Amino acid sequence: MDTKESKTAQEEYQHLKEVRMPEDFEHPEPDEGQPEAKQSPQNLHWVLLVAALIAGAILIFTLVWP
């Protein structure tokens, strides 16, 4: 957490430069400071499949045994 109260002139200039630069939506690149942004979720499809099966089983059981 940054505890500085004010930025130096150079930091303020860099911040304004980053804010004013338009975002490139055609070629998005993950932030280098976030290595998790570069990794694709490996097992996300299995989690979604299991969640769908559980939801389907609950729905079937509630319809069959009211």
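This structure is a prediction, so every number in the text was calculated from the model and none was measured.
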**Euclidean distance, Thr8 OG1 relative to His15 NE2, rounded to 0.5 Å** = 12.5 Å

**Asked** Linking I/L/V/M/F/W/Y whenever any side-chain heavy atoms sit under 4.5 Å apart, do Phe61 and Ile58 land together?
**Response** no

**Fill in**
Going by chain and number, the hydrophobic cluster around Leu49 (ILVMFWY, side chain to side chain under 4.5 Å) further includes Trp46, Leu53

